[in-house]
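Every heavy atom of this structure was used, including side-chain atoms; hydrogens, water molecules and symmetry mates were not. Naming convention: chains lettered A, B, ... in sequence-line order (proteins, then strands); numbering from 1 in each chain. Bear in mind the structure is a predicted one, so any value in this text is a computation, not a measurement.
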Amino acid sequence: MADWLPARDFNLRHTLECGQYFRWRRDGDGYVVQSADRCFRVSQKGDRLLFEGEDGWFLQHFFSLDHDLREIRGAIDHDPVIREALDRYWGLRLIRQDPWECVASFVTSIASNIPRITRNIEDMARETGESMERFDRRVFIFPRPERLAPEGVLRRLKLGFRAAYLEQAARLAAAGMLDDITCANLGDARDSLMCIPGVAEKVADCVLLFGFGRLDAFPVDTWIRKAMTRFYFRNRRTSDDAIRTFANERFGGFAGYAQQYLFVHARENWKELSQRPIPKRSETTKIIRVSKAARVRELVDAVLAER
DNA sequence: GCCCAGGAGTACT
DNA sequence: AGTACTCATGGG
């Protein structure tokens, strides 16, 4: 590898393989990663991130190395459940995705699974995207919205009912729909995104979290729903809205980080976790270390003010 | 054959 | 505000 970055409190494998991102593949002891027209090779040796193909500034931004993970931990580490997830997957950071690719990826994710989503996205890139030669291989750039294949072609690529959503989302994105989202507050941004066909609460929250850096967004998918109801609601059926409200109250401005740690923890360890007794109310409603709301607020303001 | 997968949209109460 | 059904496709 040609260059390196210091990367403390960072775990490349957890960050790439936790399920938040789809455009990577294993390559030797590292990975080849794509984002829009970028493509780089990366591996980790201790606290060093070795890379080539793009500059360090891009990687630093892409992997959110500017986030103070220890302060984030301090803000969300309030109970045994999230603590175990933080311990097992320490170093997982949210990836800053390209907004349009993020919309397309999570519309593609509807009622699907990670291997298939990855394949669908690669097929769309191969179909209409431009390509370039990188690391002795041809890599395909995911198409800008103007270039995404029409519904009929997407159906041939086995996108199923998502094909029509993707075509319309691409038309809106090409018209500039995503350009002003960052200016809006969370509720307005969410409502705007949900005007896109194929984007409801869950996909909107994924786009806000992964595509627009809204660290307070808390996507409720099947895994989070299953894990949260079991660990925090005594396995009682609970609405997604109630789950989100609970998460925002407990984890504050970094709820999105808590979501990703809980998601990968639940998805990878469910067999073990589901064999444990269902936690009683007192075990999960009692907060281990109460951090003052004002302190959390301060951290949130500092992080959000950075952009 | 069944059921489920990082759901959304629609038509019902 | 909750419920049931449908929408493709693939994998267990």
Using a 6.0 Å distance limit plus a 45 degree cone around the ring axis, check whether A:Arg38 lies over the aromatic ring of A:Phe62.
no
Using a 4.0 Å heavy-atom cut-off, does A:Val107 contact any base of the nucleic acid, only the sugar-phosphate backbone, or nothing at all?
nothing
Nearest whole angstrom, please: distance from the P of B:dC4 to the CD1 of A:Ile117.
18 Å
Whole angstrom value for the distance that separates P of B:dG6 from CG of A:Leu208:
21 Å
Atom-pair distance (CD1 on A:Ile196; P on B:dA8), nearest Å
12 Å
Ion pair A:Asp98/A:Arg144, N-O distance below 4.0 Å
yes
In whole angstroms, how far is the C1' atom of B:dA8 from the CZ atom of A:Arg225?
12 Å
Measure from CG on A:Asn120 to P on B:dA5 and round the result to the nearest Å.
17 Å
Could you check how far NZ of A:Lys226 sits from C1' of B:dC3, rounded to whole Å?
12 Å
Base, sugar-phosphate, or nothing for A:Pro197, non-hydrogen atoms under 4.0 angstrom?
sugar-phosphate
If you group Ile, Leu, Val, Met, Phe, Trp and Tyr by side-chain heavy-atom gaps below 4.5 Å, do A:Phe140 and A:Leu148 land in one group?
no
Can you tell me if A:Asp188 and A:Asn185 form a side-chain donor-acceptor pair at under 3.5 Å?
yes
Trace of the ring-ring contact (aromatic ring centres under 6.0 Å, His included) decision for A:Tyr31 with A:Phe40
CA-CA 8 Å; A:Tyr31 304 86; A:Phe40 60 90; over 10 Å; no
How many Å lie between CG on A:Leu92 and C1' on B:dG6, as a whole number?
15 Å
Do A:Glu127 and A:Arg155 sit within salt-bridge range, that is, some charged N less than 4.0 Å from a carboxylate O?
no
Give me, pair by pair, the N or O atoms of the protein and of nucleotides 6-10 of chain C that are less than 3.5 Å apart, along with how far apart they are.
unit_1, atom_1, unit_2, atom_2, d
C:dA8, OP1, A:Arg155, NH1, 3.1
C:dA8, O4', A:Phe161, N, 3.4
C:dT9, O4', A:Arg116, NH2, 3.2
C:dT9, O2, A:Arg116, NH1, 2.8

Taking the P atom of each, how far is C:dC5 from B:dG6, in whole Å?
24 Å
Gap between atoms CD1 and P, on A:Ile114 and B:dG7 respectively (whole Å):
10 Å
OP1 or OP2 of B:dG7 versus the side-chain N and O atoms of A:Thr222: is any pair under 4.0 Å?
yes
So, A:Glu201 and A:Arg190, do they make that salt bridge, N to O below 4.0 Å?
no
Using a heavy-atom cut-off of 4.0 Å across all strands, would you classify A:Gly19 as base, sugar-phosphate, or nothing?
base
When you get a sec, tell me which of C:dT3, B:dG6, B:dA5 is the closest nucleotide to the side chain of A:Arg237?
C:dT3
For C:dA4 versus B:dC4, give the span between their P atoms, rounded off to a whole number of Å.
14 Å
Sorted by position of nearest nucleotide on DNA chain B, 5' first, the leading residue of A:Met194 and A:Cys18 is A:Cys18
P spacing across the pair C:dT6 / B:dC2, given as an integer number of angstrom
13 Å
